[in-house]
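Here's the structure, in structure tokens; my notes come after.
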Amino acid sequence: MIPLVAVEINFYLLLVLKILAITGVMLGGSLPIIFGELKISAHMQSRVGPYYAGGRWGWAQPMADGLKFFQKEDLVPAAADRQVYKLAPYLLMVSTLAVFVIIPFSPDLIAADLDLGIFFALAISSLSTLGVLMAGWSSGNKYSLIGGLRAAAQIIAYELPLVLAVIGVVIQAGTLSMVGIVEAQIDMGVPFLIGGQAVAFVIFFIASLAELNRTPFDLPIAESELVMGYLTEYSGFRFTTFFLAEYAGVVAISAIASTLFLGGYGFWGLDSALFGPFVLAAKVGILAFLMIWIRWTWPRMREDQLQTLAWKWLIPISLANIMVTAIFKVVF
Amino acid sequence: MRSGISVTTNPPEESETPSEVSTEAEAAEVSGFPDATALAERVAELAGADSWSADFGNAKVRIDQSRWVEAITDVRDGAGLHFFSFLSAVDWSNEVAVGEPLEETVEERYEILVRLSSARNNDAVTLSTDISKTDPRLPTLVGVFGGANWHEREASEMFGIEFEGHPNLSNLYLTDEFEGHPLRKSYPLLSREIKPWPGMVDVEDMPSTENTEGAAAAAVDASETEDES
Amino acid sequence: MSQTLDPRAAAHVSEVAVSVELQTPGMTINLGPQHPSTHGVLRLVAELDGERVVNVEPVIGYMHRGYEKLSEVRTYPQITALVNRIDWVSGFANEIPLMVAVERLMEIEVPARAQAIRLILTELARISNHLVFLSSYPLELGASTPLMHALREREHVLELIEGVTGGRFHPNFNRIGGVKPAAGGGSTQKKLAQDLPQGFLSETAAAMDRMLAICDDMDTLVTGNEIFQARTKGVAVVPPDLALAYGVSGPNLRASGVAFDLREHEDYLPYDKYEFDVVTGENGDCFDRYQVRLEEVRQAARIVSQAIADVPSGPLQAKVPRVIKVPKGETYVRAENPKGEMGYYIVSDGGRIPYRLKIRSASFSNLSILPWALKGLLVPDIIALLGSLDFVLGDVDR
């Protein structure tokens, strides 16, 4: 009996540790990206960016922002559906956090190397639609409602090219496991971006921008049209949760894209077990920079143009990509 | 990149001349206004108007109230004045609640002004008609110029003129509960009733300015002209 | 809900039945009076079917300050301070038609130097106004970086205006018969003080180069962007005949292909001395309205560059009586303001105070086309149209 108890304690201890670690990774990953966005956007706009909060370069600004939000009153509009309204940000947060579970930082450093790793990630990240829709519906505000509906339409439309782009990778790697996909790239000697899945990468990247509601697909929160879309009524802690979830989403999607297309933790000549997390972080940083760059350069698309792009271009191209990949896989 | 944009060059009418030489001539040319007599005459004929004037470069044609819409349609098509500039009114009133009263007694009336202009040259004309104060009404111009819609709503709330046939003559600026017609001369400026406009002290005649011609001669240099403002 | 069947649909009765069942009432949405894209306090009551506008009712008047009534208790020089606030983005340009109208009635000849200074400052105001447009328009379409770039360059123009007039937005610099003689200098130095500050001409020349540079920047950053073009090309087309009938003027009218520029036709400032192009668009869509303004910045810079090369010397003010009394008469003077035709209809009874002053502002007429133009657009197109009309609520409500 005793060993069994010990195993159970170990299991729960490990679970708590893993949850803490993932939360830490999420925060540790998104805060630098928030700070990076502040600084990069500032330099793109000939400003200096955060300057006073925190010493050098204003590094503490994201934390000061977070603290400020915590102090704000948590408003719930009178017309809101209170339960749903309160639940929405956490649902969004959980769906983003859960993605971190399957991201391999090194061959062994992974919360859970599921056999269906990438499938799990795509499935669980679709839950974010629900969070956004709940936020939009429950706010009792027309702008929020339109924002929520836009988000739902957009995420559904872009989930398809996202999944189809991944299928090409899965076919080439021959596995759904994230570690397996990275190992396949290491075995091949080049990441899939060079080794045959460049088209899939572009589609995946575009679709992930749409999944994250980032420019040029930021229609659900379009400030100039819908004030703040589904976020309009949120304040205080719940707004912070949305805000963090957005950046955690950037980290998560970038990490998945790095794993699928850029070779994950592997880099020529570097020991994966030792340098894996840093290699992955660098790749995430590059992708996040791309997203920030695009965000501060491009205008926003219109709903119909966004749907046209998804259904008439991305989905057919990704289908063709699957066919080509499959043919190569069978022939060679 | 600029394929959608076309430019028409406007050549300078005269080559650059030494400024000192031509200062006087240019000044005279610039402040002078175009002679609008010919235009006013032509428009009056088109509109079948009784009287016209062309003072200060402002071609103004008086139309009879009964021919308002058709005369303006004729002017628009006949003289090519397709640009609708504005529609407004003047309250000709012998007793005023604000401002200075008129020097001479006038016939009590509202004068409706419509400004039309060409979009090709500098032809522009003011068309006016008088309507009675007891029953201020006039057919609407919305059918002739779509832009008259808002201008008529403005004139309607500000002067209390009813434009017959207007699709929606509700208040444009003022709230629906607002009472009165603010731009009528009989409508007092309430804040000024309580306290006179403080800027008015600046305008009180100074002893030396009884003879304005003399002041004009003295006002050459910068310092004195600045004082007056 | 009773539904009469369209004969064409009669063959598909079952489908019709489904669509009737699914019919939902449209959503009425209030855009404004406090909304990020309404440039102040415009309110649009829009009936939406999904994201498509079925009907829209613009509600204005939140900014109504009654300038026409206030003018009836103010002397002519005092009105100058009021009219600065009509279109506050280009305050200086608002003063010009009023001054010219009064000068016409008083038959004053304005000295050539004052004319040139007026012209330079008007064009600087135009550049400043258009740069505000060029900065805010991409922002409304979701691109936030051009805002900072264009506003940064506008600062140079505002500094120039401030250097001459002492005010960035509301210069109140014109005097009847000329311009305000001395900026600074104190009471003892009034006669010696300069009209244009030292170094103004060279700084203006440098600033104009910057303006051309920012125009090129905007071309590469915004104009060529595929998403920007997709959002603006063919969106909210205003046909020329409709624009004329609604009194739409200025760049909005020229974007519809009507080459009508009061700087060319009206005789209020000596524009005929300078070479410039009247910029027109082809389609009258949002993209043309954007591009006409972009090109007009270049043209305005061109005019300023010519004007500062040859500023006539001479007095700054004509001889005017100490108390301005305007002879009895009526006149209307209009000017090509950055936003369109700005004009003042003065009815004078020979006194110090106008009997009636009608202010014809450009944005009011430009905006009156909204109920027509907004029908059938998508919600994002509302924003694209509103932004492209470049209105200021102070100019609408007066």
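Lettering of chains follows the sequences in order, A, B, ..., and the numbering in each one begins at 1.
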Distance from A:M134 atom CE to A:S128 atom OG, nearest 0.5 Å?
12.0 Å
For chain A, which candidate among C:V379, C:V222, C:T28 shows the most heavy-atom pairs at distances under 4.5 Å?
C:T28
Go through the atoms of C:L151 and report whether side chain, backbone, both or neither lie under 4.5 Å from a heavy atom of chain A.
neither
Just so I understand: if I count every heavy-atom pair under 4.5 Å between each of C:D381, C:N30, C:L139 and chain A, which residue has the most?
C:D381
Heavy-atom check, side chain of C:F287 versus side chain of C:V235, under 4.5 Å:
no
Exactly one candidate in C:E296, C:R293, C:K339 meets side-chain hydrogen bond (donor to acceptor under 3.5 Å, both in side chains) with C:H130; the answer is C:E296
Contacting moiety of A:Q305, where chain C heavy atoms sit under 4.5 Å
side chain
For C:R231, which atoms come within 4.5 Å of any heavy atom of chain A: side chain, backbone, both, or neither?
both
Tell me, for A:L145 versus chain C, whether the close heavy atoms (under 4.5 Å) come from the side chain, the backbone, both or neither.
side chain
Would you please indicate if the ring centroids of A:F205 and A:F261 are separated by under 6.0 Å?
no
Part of C:L141 within contact of chain A (heavy atom distance under 4.5 Å):
both
Answer yes or no: is there an ion pair linking A:R238 with A:D74, defined by an N-O contact shorter than 4.0 Å?
yes
Would you call C:R210-C:E203 a salt bridge at under 4.0 Å N-O?
no
Identify whether the distance between the nearest side-chain nitrogen and carboxylate oxygen of C:K233 and C:D285 falls below 4.0 Å.
no
Relative to chain A, which of C:A230, C:P146, C:G387 shows the most heavy atom pairs under 4.5 Å?
C:A230
Considering only heavy atoms and a distance below 4.5 Å, find which of A:K142, A:M44, A:M301 pairs most often with chain C.
A:K142
